Amino acid sequence: MATDALYHEVAEIIRCVLAKEKSVRNAVYGSEYKNKKALLRLSCESLKFRPVFDEILQDKELKKMKNDPNIGGSVDLLYVLMYETLVGSGLNRCSQELKSVISRRIQRIKEVEKELESDGRGIKSIKEAEEAQKRIQIPRYARINTLKWTAEEAMKTLEEEEWKLQGAASAENFAEVVGKMKDDEIYIDPHVENLLIFAPNIQNFHEYWMVEQRYLILQDKASCLPAFLLNPRPGSQVFDSCAAPGMKTSHAAAIMENQGKVWAMDRAADRVATMKQLLDGSDVKIASAFCGDFLKTDVTDKKFSKVKFAIVDPPCSGSGIVKRMDEITGGNAEKERLEKLKNLQAMILKHALKLPGLKRAVYSTCSIHEEENEQVIDKVLLDTYVRQNYILKKDVLPEWTHRGLSTYEVGEHCLRADPKVTLTNGFFVAVFERVKNKD
Ligand SMILES: C[S@@+](CC[C@H](N)C(=O)[O-])C[C@H]1O[C@@H](n2cnc3c(N)ncnc32)[C@H](O)[C@@H]1O
């Protein structure tokens, strides 16, 4: 039956995507199945609701569906069939064999889904989260590149180009004021220095000459927090352990007024090449961008002895970034993956804290998962060397009311960012400070 062929093809796309062999789009357009539109829609939809289906398949009775001869062990095919049953247009157009796999257990499937829903983990919750996400409009943040011009020059030029400068947005009713801004208005950010706020939907803003020539650097506000909170003095040395593509390196260099040095390391050679271009185009003169594995770097090497500041922005699930496809597919939230990331993140942070002359380090992720955030801080603070030498800085940016999760002791000392609350991507920052003054 034609619909069976579609379901089998969607299952194959899902398999490819979850095995990280291809993106959804590449898998769909590489498929021989003719109706690409149907293929794409059903693949994305089934992936989107997959977390619910996975939970349903934990049920003792429903687990057995995978072994049904019509399913042939393919959990991906079950995702499609469950999608059609619980969300889509039903299974009336497919063969009796496929339909019967579900229809024989439909009552139990609905029961389990209802239980999940009462816990906020059912189909309805995913639909609601998606609707809420559609409604969130994050403004565009642009950092004045003070390595190219001063803030005054920037403001004057923007005014000459007929932008309407509104002054500083108030921190108290930030979301309300910024949420209503018009396309030709600009606010000054009340938290991060030299950061401007533009409306969310300005057409082709990345082609605007100030952006193209890197007089303004498009950078989400939350991602400006690490270098801003690190606040390295001009003339000092910074180590950025996972630096590419160099957004935080370039921000640190601007704060240091191009005086001192930033060691900008990254493991991925292609990303280091991109970073070099970006730093060059931004007039960063003090960065030494190089390729290497930070975990294999001897931080006690004499050449790093003057490093007083560290940026630790390790790989993360990226779950805080609004509107990413892998968020929609739910592919990033797997416990096992988060556990692996947490271990890597903690290792990288602990290693950075071994820099002998280090005074302050900032840890950040663009993840919303506590495993990658508060749990990493907890884990690192269990280390004897870390406990003897560092404290988690208290009262970081006190006017920033969105703090780490209160279920952790460290929570109140950390900053969180959230699209709904701070009008930024989801983000997490914590600052470590050496207990003894090493000056
Ligand atoms: C979140 S991104 C960094 C973004 C960057 N800080 C910025 O602001 O533009 C994480 C980076 O860590 C790099 N990375 C992963 N493992 C690493 C390691 N062991 N040593 C150095 N870099 C690593 C990845 O290649 C990736 O570029």
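Numbers for residues simply follow the sequence, beginning at 1. Both counts, for ligands and for their atoms, begin at 1 and track the order of listing. Predicted, not measured: the structure shown is a model, and the values here were computed from it. Every heavy atom of this structure was used, including side-chain atoms; hydrogens, water molecules and symmetry mates were not.
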Problem set entry | Proximal candidate to atom 23 (C) of ligand 1 [heavy atom criterion; set Arg267, His351, Gln219] | Arg267
Exercise. Should one rank Ser241, Ser367, Gly318 by closest heavy-atom distance to atom 21 (C) of ligand 1, which comes out on top?
Worked result: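 Shortest heavy-atom distance from atom 21 (C) of ligand 1: Ser241.
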What residue and atom, counting heavy atoms only, is the protein's closest point to [atom], and at what distance?
{"atom": "atom 12 (O) of ligand 1", "value": "Cys242 CB, 3.2 Å"}
{"atom": "atom 15 (C) of ligand 1", "value": "Pro315 CG, 3.3 Å"}
{"atom": "atom 4 (C) of ligand 1", "value": "Ala244 O, 3.1 Å"}
{"atom": "atom 13 (C) of ligand 1", "value": "Asp266 OD2, 3.2 Å"}
{"atom": "atom 6 (N) of ligand 1", "value": "Asp313 OD2, 2.7 Å"}
{"atom": "atom 20 (N) of ligand 1", "value": "Phe294 N, 2.9 Å"}
{"atom": "atom 8 (O) of ligand 1", "value": "Lys248 NZ, 2.8 Å"}
{"atom": "atom 19 (N) of ligand 1", "value": "Asp293 OD1, 2.8 Å"}

[X] side chain to [Y] main-chain N or O, any donor-acceptor pair under 3.5 Å?
{"X": "Lys306", "Y": "Lys303", "value": "no"}
{"X": "Trp149", "Y": "Tyr215", "value": "yes"}
{"X": "Arg403", "Y": "Glu412", "value": "yes"}
{"X": "Ser125", "Y": "Gly120", "value": "yes"}

For this session: For Gly292, counting its heavy atoms only, list the atoms of ligand 1 lying under 4.0 Å from any of them.
Result: 20 (N), 21 (C)
Exercise. Numbering the atoms of ligand 1 from 1, which are under 4.0 Å from a heavy atom of Pro314?
Worked result: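 Near Pro314, meaning under 4.0 Å from one of its heavy atoms, ligand 1 has 1 (C), 10 (C).
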Charged N-O contact under 4.0 Å between [X] and [Y]:
{"X": "Lys180", "Y": "Glu185", "value": "no"}
{"X": "Arg121", "Y": "Asp119", "value": "yes"}
{"X": "Lys248", "Y": "Asp240", "value": "no"}
{"X": "Glu153", "Y": "Lys156", "value": "no"}

Test of understanding: given a 4.0 Å heavy-atom threshold, classify the contact between [X] and ligand 1 as side chain, backbone, both, or neither.
{"X": "Arg271", "value": "side chain"}
{"X": "Cys316", "value": "neither"}
{"X": "Ala243", "value": "backbone"}
{"X": "Ser223", "value": "neither"}

Problem set entry | Any N/O pair Met247/ligand 1 closer than 3.5 Å |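 In this structure, Met247 places an N or O atom under 3.5 Å from an N or O of ligand 1.
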Exercise. Do ligand 1 and Gly246 have nitrogen or oxygen atoms that lie under 3.5 Å from each other?
Worked result: yes
For this session: Please tell me if the side chains of Lys379 and Asn343 come closer than 4.5 Å, counting only heavy atoms from C-beta onward.
Result: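 Yes, side chains in contact.
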Problem set entry | Heavy-atom side-chain proximity of Phe239 to Phe294 below 4.5 angstrom |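 Side-chain contact under 4.5 Å: yes.
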Exercise. Phe49 and Tyr79: ring-ring contact (aromatic ring centres under 6.0 Å, His included), yes or no, with the steps?
Worked result: CA-CA 8 Å; Phe49 290 93; Tyr79 292 149; over 10 Å; no
Problem set entry | Atom NZ of Lys393 with >12 non-hydrogen neighbours under 6.0 angstrom | yes
Exercise. Taking the non-hydrogen atoms of Pro226, is any one of them nearer than 4.0 angstrom to ligand 1?
Worked result: no
